[in-house]
Amino acid sequence: METEKFAENMSVFVQVAQSCSFSAVARSKGMAASSVSRQIDALEAELGICLFTRSTRALVLTDAGELLLERAIKILQDMTDARDELISLEQNVSGMLRVSCLPAFGRRHVVPHLPGLFAKYPKLRVELELTERIVDPVVDRVDAVLRVGQQPDSSLISQTIASQRYVICASPDYLLHHGTPATVPDLNHHRLIDRGHRTSMRGWRELFGKDQVKDQAFAFQCNDCDSRRQAVLQGLGIGLVPDWSIGEDIGAGRVVELRLDDLLPQTETGIYLLRALPRASVKLRAFSDYLIEHIGSPPLWQRAMERASNPSYA
């Protein structure tokens, strides 16, 4: 079999293996399912092995198919990387980059950097999926996923983009009318803004014991981080919000960070760029390097907060 045809059939094999469907791959390519099936048949004939166990109900990889899938993904990625690296010799990062991210973080700290990124790499294209769900780079076929906070053990390759911590905060107007809590029990006399219970983000109930803060204190609950930030800005109550969401508001004096005498400040966790493949492509490196450079270290939201508490901070 010609090398070019072999590579094409191997690419089709990876797509079929990941989707477990000839018809799904055929639809994505505008082909007949029988044509996709023939490409897999040709690959099996070339290798002299059976890659799938097929039935009317399921399409399952054989042991040989599992081994080839692992190798094929790496081979195809190496081919893509080689092409990208040749392009990069002319400083020409190009092609489509697919990234998934939490909606609030994407709106505040990814989209604002795209004009500069595109100015530097005019042939780069970005498809940004903003979603609260846990996206798997392999299953969902994205180049990378931006995730916030502690991550479970996985086989994904992790790159730290920045750090974050949760802050207790309220607007000056709210504190003027309702006073400033000094201890955790004081919060029972205030209006609290909390996350929705079905989200993975941290909320008041994860911070305190079950009986420390009563249910009636929770005045507003929402699964959207931007909406909770807006509620704090509007003086609806006291929020527990990640610093990347509210830090620049604190720096500008629109919000005040609160310290409770009986509660230590929240520890920092990471913000990570996760990918499935061992080597990042040229376009992914360009994206992550640009994001890290412009978020900075410490990240821009923490620098804003530091300036608010220490005007001499550079």
Side-chain angles (χ1 to χ4, degrees), residues 3-4 7-8 10-15 18-19 25 28-30 69-131 134-148 151 154-164 244 270-301 303:
T3 302
E4 183 178 350
E8 179 186 344
M10 191 159 60
S11 176
V12 170
F13 160 73
V14 170
Q15 293 175 60
Q18 291 178 336
S19 64
V25 174
S28 71
K29 290 179 167 293
L69 178 61
E70 180 181 346
R71 299 288 181 86
I73 289 174
K74 184 179 185 305
I75 290 168
L76 293 171
Q77 182 62 40
D78 285 345
M79 291 171 61
T80 300
D81 285 350
R83 181 193 63 197
D84 289 345
E85 286 170 8
L86 287 172
I87 292 173
S88 73
L89 292 176
E90 299 178 359
Q91 311 239 322
N92 187 10
V93 175
S94 65
M96 176 66 77
L97 181 70
R98 294 178 173 85
V99 181
S100 179
C101 181
L102 279 172
F105 189 85
R107 284 190 287 263
R108 293 189 66 77
H109 299 296
V110 178
V111 174
H113 296 303
L114 292 181
L117 180 69
F118 288 157
K120 187 173 183 179
Y121 305 111
K123 294 186 178 181
L124 178 66
R125 294 176 292 144
V126 175
E127 182 179 300
L128 181 64
E129 179 190 22
L130 299 180
T131 178
I134 303 298
V135 172
D136 185 318
V138 176
V139 174
D140 295 285
R141 299 182 65 187
V142 297
D143 295 289
V145 176
L146 275 162
R147 290 188 190 162
V148 175
Q151 298 301 314
S154 75
S155 60
L156 299 178
I157 308 300
S158 173
Q159 179 182 12
T160 301
I161 296 296
S163 61
Q164 66 135 27
W244 54 260
I271 298 171
Y272 306 100
L273 187 75
L274 305 176
R275 66 179 192 273
L277 298 171
R279 292 180 59 199
S281 65
V282 170
K283 58 190 174 185
L284 181 56
R285 289 201 299 271
F287 173 82
S288 62
D289 289 350
Y290 192 89
L291 201 59
I292 290 170
E293 177 187 355
H294 287 81
I295 286 176
S297 180
L300 57 91
W301 52 84
R303 296 198 303 272

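Positions are given from 1 along the sequence.
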Say you draw a straight line from CZ of R98 to CG of L128; how long is it, rounded to the nearest 0.5 Å? 12.5 Å

Distance in Å, S11 OG paired with K29 NZ, rounded so as to fall on 0.5 Å steps: 5.5 Å

Short question: side chain of R275, backbone of P278 - any donor-acceptor pair under 3.5 Å? yes

Ring pair (Phe, Tyr, Trp, His ring centres under 6.0 Å) partners for F105, two or more places apart: H109, W244

What closest approach, in Å, do L76 and A7 show between heavy atoms, and which atom pair accounts for it? CD2-O, 4.2 Å

Worked verdict on V110 versus V99 for side-chain contact (heavy atoms from CB on, under 4.5 Å): CA-CA 10 Å; V110 178; V99 181; over 6 Å; no

One should read off an interatomic distance between Y121 OH and L114 CG, to the nearest 0.5 angstrom, of 13.5 Å

Taking all atoms of both residues into account, what is the closest heavy-atom pair of I295 and A162, and its distance? CG2-CB, 4.0 Å

Does some side-chain heavy atom of S163 sit less than 4.5 Å from a side-chain heavy atom of P298? no

Using 0.5 Å steps for rounding, measure from the CG atom of L124 to the OG atom of S94. 8.0 Å

Under the criterion side-chain contact (heavy atoms from CB on, under 4.5 Å), I'd like the reasoning laid out for Q18 against I73: C-alpha separation, chi angles, the key distance, then a yes or no. CA-CA 10 Å; Q18 291 178 336; I73 289 174; 3.8 Å; yes

Contact summary for L284 and A280, nearest pair of heavy atoms: CD2-CB, 4.0 Å

For a quick test of reading the model, state the closest non-hydrogen atom pair linking S100 to T131 and the distance between them. OG-CG2, 3.5 Å

Between F118 and V126, is there a side-chain heavy-atom distance shorter than 4.5 Å? yes

Once you round to the nearest 0.5 Å, how far does CE of M79 lie from NZ of K74? 12.5 Å

Step by step, work out the side-chain contact (heavy atoms from CB on, under 4.5 Å) result for E129 and D140. CA-CA 11 Å; E129 179 190 22; D140 295 285; 5.6 Å; no

Measure the spacing between OG of S28 and CD of Q15 and express it to the nearest 0.5 Å. 5.5 Å

State, to 0.1 Å, how close V138 and A276 come at their nearest heavy-atom pair, and which atoms those are. CG2-CB, 3.4 Å

Quick one, E127 with M96, criterion side-chain contact (heavy atoms from CB on, under 4.5 Å). Give me CA distance, side-chain angles, the key distance, then yes/no. CA-CA 7 Å; E127 182 179 300; M96 176 66 77; 3.7 Å; yes

Is it true that a side-chain atom of R147 and a backbone atom of I134 form a donor plus acceptor pair closer than 3.5 Å? no

Minimum side-chain heavy-atom gap R279-I157 below 4.5 Å: no

Residues G270 and Q164: closest non-hydrogen pair is O-CG, 4.3 Å

